[in-house]
There are 2 protein chains.
Amino acid sequence: MSNQGAEAAACCDVAQSALTEDAAVEMAAAFKALGDPVRLRLLSMIATAQAEQGVCVCELTPAFALSQPTISHHLKQLRQAGLIACERRGTWVYYWVMPGAIERLTAVLAGTVGEPAPVSV
Amino acid sequence: MSNQGAEAAACCDVAQSALTEDAAVEMAAAFKALGDPVRLRLLSMIATAQAEQGVCVCELTPAFALSQPTISHHLKQLRQAGLIACERRGTWVYYWVMPGAIERLTAVLAGTVGEPAPVSV
DNA sequence: GACTTGTATCGATTGTTGTCAATACAAGGT
DNA sequence: ACCTTGTATTGACAACAATCGATACAAGTC
């Protein structure tokens with residue numbers, strides 16, 4: 001059953017109209033960052049309390065039964081996924097949600113179920 | 001710096017208005033399923049080609065440079081995450097996207113950045 | 001400058017995940 | 001009944017990820 005792919009590609013290749021491999025790699029990295037309960041809660045907390053100036057790490061850490069290095073590690077993951085950003089203000093570090101990051105994810109999900117692929121913007 | 005959480009909770013606990021831990025665990029499992037390029041493409045292909053009757057596995061497998069067991073394994077992950085469902089028709093197995101599954105994810109993302117939590121529906 | 005507090009990084013460990021080859025199961029054709 | 005083809009499961013292994021304690025760095029206070 002090895003290359004019956006040729007056959008399938010001949011008539012109607014399902015792969016063409018869906019996500020490209022590159023786009024999938026990029027978006028999967030973002031979804032993977034959300035694929036952990038701690039990170040999902042962190043993002044939610046940051047987004048919810050994002051009054052104006054961002055949320056201090058010192059408010060996030062005590063909400064979990066995890067060590068401080070672990071929380072710091074998860075924040076780094078979210079940062080590297082492009083979902084949040086941070087800035088040091090004096091002793092404290094403040095985090096906020098990257099504008100547009102969430103929208104990009106929902107766009108992919110919407111495109112996944114609806115239109116061909118709104119990957120462009 | 002151990003329980004300065006008490007202090008934070010006293011005035012304005014960030015954790016209250018965000019996702020609950022249980023909700024986070026549940027949703028993170030779904031996002032985790034999307035956190036792999038292969039699975040994201042599979043879902044996209046299934047959703048895109050979801051003309052009427054679902055997509056045959058034999059159309060999905062040849063689109064990847066992976067073994068058949070590996071694709072089958074990823075399909076199982078998506079199934080267990082409640083994102084897709086399948087049915088056997090004679091020799092072939094057809095997959096389709098679970099209605100409402102994508103919408104539930106986008107709702108969480110929207111809630112994460114916007115309103116308190118539209119998790120209800 | 002020494003001390004304290006908040007945050008990040010390092011190194012190690014343990015659990016999880018992606019992948020494959022081998023095999024089993026399901027269904028149709030001979 | 002046997003063979004062929006499509007799909008799922010099993011078992012193994014290498015790669016990765018989540019967690020921690022220890023430590024380093026940054027900035028403020030004495």
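- The nucleotide whose nearest atom lies closest to any side-chain atom of B:Lys76 is, among D:dT9, D:dT19, C:dA8, D:dT9.
- In this structure, the CG atom of B:Asp36 is 11 Å from the P atom of C:dT17, given to the nearest Å.
- Follow the hydrophobic side-chain contacts under 4.5 Å out from B:Leu66 and you reach B:Leu75 in the same cluster.
- Across the protein-nucleic acid pair, B:Leu66 atom CG and D:dT7 atom P stand 16 Å apart, rounded to whole Å.
- Scanning both residues, B:Val93 and B:Cys86, for their nearest heavy atoms gives CG1-CB, 3.9 Å.
- Looking at the side chain of A:His73, the nearest of the listed nucleotides C:dT7, C:dT9, D:dA18 is D:dA18.
- When each of A:Leu42, A:Leu34, A:Val97 is paired with A:Leu83, the side chain to side chain contact (heavy atoms under 4.5 Å, CB included) condition holds for A:Leu34 and for no other.
- Spacing between atom CG of A:Leu75 and atom P of C:dT9 amounts to 11 Å, rounded to whole angstrom units.
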B:Lys32 and A:Asp36: CA distance, side-chain angles, deciding distance, side chain to side chain contact (heavy atoms under 4.5 Å, CB included) verdict: CA-CA 7 Å; B:Lys32 184 190 284 185; A:Asp36 182 282; over 6 Å; no
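- In the set C:dG6, C:dG18, D:dC20, the nucleotide with an atom closest to the side chain of B:Arg39 is C:dG18.
- Counting heavy-atom neighbours within 6.0 Å of A:Glu21 CD, excluding the residue itself, gives a total of 12 or less.
- Toward the 5' end of DNA chain C, the nearer of the two residues A:Thr91 and A:Thr70, judged by each one's closest nucleotide, is A:Thr91.
- For B:Arg89 and D:dT5, the CZ to P distance is 23 Å, given to the nearest whole Å.
- For the atom pair CD of A:Gln77 and CZ of A:Arg79, the computed distance is 10.0 Å after rounding to the nearest 0.5 Å.
- Rounded to whole Å, atom P of C:dT7 lies 13 Å from atom CD1 of A:Ile84.
- Of the listed nucleotides (C:dA8, C:dG6, C:dT19), C:dA8 has the atom at the smallest distance from the side chain of A:Val93.
- Taking every side-chain heavy atom of B:Gln68 into account, D:dA8 is the closest of D:dA18, D:dA8, C:dA8.
- Proximity of A:Arg88 to the phosphate of C:dG6: no side-chain N or O atom is located under 4.0 Å from OP1 or OP2.
- The OH atom of B:Tyr95 sits 9 Å away from the P atom of D:dT7 (whole-angstrom rounding).
- The side chain of A:Val57 lies closest to C:dT7 when the candidates are C:dT7, C:dT5, D:dT7.
- Among the nucleotides C:dC20, C:dT9, D:dT7, the one closest to any side-chain atom of A:Pro69 is C:dT9.
- Residue B:His74 has a polar side-chain atom (N or O) positioned under 4.0 Å from OP1 or OP2 of C:dT19.
- Atoms CD1 (A:Ile71) and P (D:dT19) sit 8 Å apart, rounded to a whole Å.
- For B:Cys56, whose side chain is taken as the heavy atoms from C-beta onward, the closest listed nucleotide among D:dC20, D:dT7, D:dT5 is D:dT7.
- Summary of the strand contacts: A:Ala65 and A:Lys32 both lie near DNA chain D, and taking for each the nucleotide with the nearest heavy atom, the more 5' one is attributed to A:Lys32.
- In the set C:dT7, C:dG18, D:dA18, C:dG18 carries the atom at the smallest distance from any side-chain atom of B:Gln77.
- Ranking C:dT9, D:dT7, D:dT19 by closeness to the A:Ser72 side chain, first place goes to C:dT9.
- Atom P of nucleotide C:dA8 and atom CH2 of A:Trp92 are separated by 14 Å, given to the nearest angstrom.
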